[in-house]
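One structure below.
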Number of protein chains: 2
Amino acid sequence: MGTTGRKLRADAERSIRTIMEAAERVLSENPGATMEQIAEAAGVARTTIHRRFASREALIDIMTVAAWREIAEAVDAARPSTAPPQVAMYQATANVLRVKSGWRFALTNRGPLSGEAARIEADVIGKCDLAIRRGQQEGAIRPDADPLWVRRVYLALLTEAAHGPHPGHAGPPAETPAETDADIDELATRVMDTLIRGFGPARPEADRPRED
Amino acid sequence: MGTTGRKLRADAERSIRTIMEAAERVLSENPGATMEQIAEAAGVARTTIHRRFASREALIDIMTVAAWREIAEAVDAARPSTAPPQVAMYQATANVLRVKSGWRFALTNRGPLSGEAARIEADVIGKCDLAIRRGQQEGAIRPDADPLWVRRVYLALLTEAAHGPHPGHAGPPAETPAETDADIDELATRVMDTLIRGFGPARPEADRPRED
DNA sequence: GATAATTGCAACACTGATGTATCGGATAAT
DNA sequence: ATTATCCGATACATCAGTGTTGCAATTATC
């Protein structure tokens, strides 16, 4: 019985957090992981998980909603409707990257969402589309670009940046990279750069650089 | 006993194909689908699948190898080492898109590959990296762009293009879109366009188009 | 310190999926 | 036409994972 509105003791809520964090860690590496493995990773008994979450599905649902809530927060924190588009989009990208790397499993597409998660997702997608439309009006994005394709590419770049290997320092393959602010900024820059400028040379007259 | 080298009767080989095709269809929509569901979709008895494939894992392995073989074929068919880079890369993109949309499940990342599939994958990745490096030398790709990031974006664009909703005609959501040559070409153009030119305006002096 | 909640542990029932074995009828190959 | 092979059907054994219950020990809260 996970969400039955009863006052939980402090340690109980701590357990819930620990469980969700462990589940995120384990499931992100093996989506088919068992409750036993999750429990072990969380340092609790398997029955404790079932005490707090009605079922495996419920656990995942709750994690998904929590993750999407954080995403929505991250987007709103960038003040997408008041700040200048470029700044807002960069800020939103950075914020989302931070959240996304902490919810690698919960935020991966495993079929269409349902319930509140779907609602939040639709909301976020809407704001994303709005930003793209504004970007087109501003001239930052080619007006003849298909907005849907732009959005899909943007989201793909986000996932790629959030879950790929680190770019700067080719360090040991840590499972939770513990991204620093500098890392996040570099990734966000990379994503926005790729999206806005693309890989091609900015000036067509420089596309044939002959060796001097 | 899947790969034990015995001469199979014609109908047996037909069964194997049917099973793999059905498995691809079913698993691409539900990766946790059971052998029973696969069998039903293939129009055969569950025991027949076990007759041809030692286990569920073996089935998936064989499918994965088959898919990667086709990918390698598709890449080689573009003559990446002899044709001019731009043409070869476009051709390879189109070919791979066609293959990829037919092996949606087998070609999705479910952790690191092993065995022959891993070998083929490494080979293909190598050719991809080579193409990117040549693209940089040619001036089609900015020389200061991180080749690794370029590759990851390219692969992400491929998946996005192959598995997303169709762009041109907003038709009914067919499960196997049965891509026409025109569709493939449009998608390939889109991918290469996005990769090479990016979304930004080609000429920086046009980035502030004031309304006339 | 009294009380109520939380946890670990052990045991259990239940379900669903996998894989095996066997058989008779159907089908391709010669 | 004969033969070897393949298939569907049924039954079975096995196993892993899920979810539940009860109880004793621990711990937060008042």
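Letters A, B, ... are given to chains in the order of the sequence lines, protein chains preceding strands, and every chain is numbered from 1.
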Whole Å only: how far is the [atom1] atom of [X] from the [atom2] atom of [N]?
X      : N       : atom1 : atom2 : value
E13(B) : dC6(D)  : CD    : P     : 9 Å
L8(A)  : dT27(D) : CG    : C1'   : 15 Å
R52(A) : dG8(C)  : CZ    : C1'   : 13 Å
L59(A) : dG19(D) : CG    : C1'   : 14 Å
I19(B) : dC7(D)  : CD1   : C1'   : 11 Å

Original post:
If the sugar-phosphate is the primed atoms plus P, OP1 and OP2 and the base is the rest, what is the B/S/- string for nucleotides 12-25 of chain C, using protein heavy atoms under 4.0 Å?
Top reply: -----SBBBB----
Original post:
Checking all strands, does G43(A) fall into the base, sugar-phosphate, or nothing category for heavy-atom contacts under 4.0 angstrom?
Top reply: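 Sugar-phosphate, backbone atoms only, no base.
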Original post:
Would you say S15(B) reaches dC7(D)'s phosphate, i.e. side-chain N/O to OP1/OP2 under 4.0 Å?
Top reply: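 Looking at the OP1 and OP2 atoms of dC7(D), one of them is under 4.0 Å from a side-chain N or O of S15(B).
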Original post:
Do the side-chain N or O atoms of T48(B) get closer than 4.0 angstrom to the phosphate oxygens (OP1, OP2) of dC7(D)?
Top reply: no
Ignoring hydrogens and angles, tell me if any N or O in the side chain of [X] forms a donor-acceptor pair with the backbone of [Y] under 3.5 Å.
X       : Y       : value
Y90(A)  : D185(A) : yes
N109(A) : G111(A) : no
Q37(B)  : T34(B)  : yes
T18(B)  : R14(B)  : yes

Original post:
Is it true that R104(A) and E29(A) make a salt bridge, defined as a side-chain N closer than 4.0 Å to a carboxylate O?
Top reply: no
Subject >> Geometric cation-pi criterion, R110(A) with F105(A): 6.0 Å, 45° >> reply: yes
Under 3.5 Å, which N/O atoms of the protein pair with N/O atoms of nucleotides 27-30 of chain C?
| from | atom 1 | to | atom 2 | distance (Å) |
| --- | --- | --- | --- | --- |
| dT27(C) | O2 | R9(B) | NH1 | 2.9 |
| dT27(C) | O2 | R9(B) | NH2 | 3.0 |

Original post:
Rounded to the nearest 0.5 Å, how far apart are CG of L130(A) and CD1 of I125(A)?
Top reply: 12.5 Å
**OP:** Would you please say whether a donor-acceptor pair under 3.5 Å links the side chains of W103(B) and E24(B)?
**Re:**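 Looking only at side-chain atoms, E24(B) and W103(B) do not form any donor-acceptor pair under 3.5 Å.
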Subject >> Least distance between heavy atoms, I184(B) atom then A94(B) atom >> reply: CG2-O, 3.6 Å
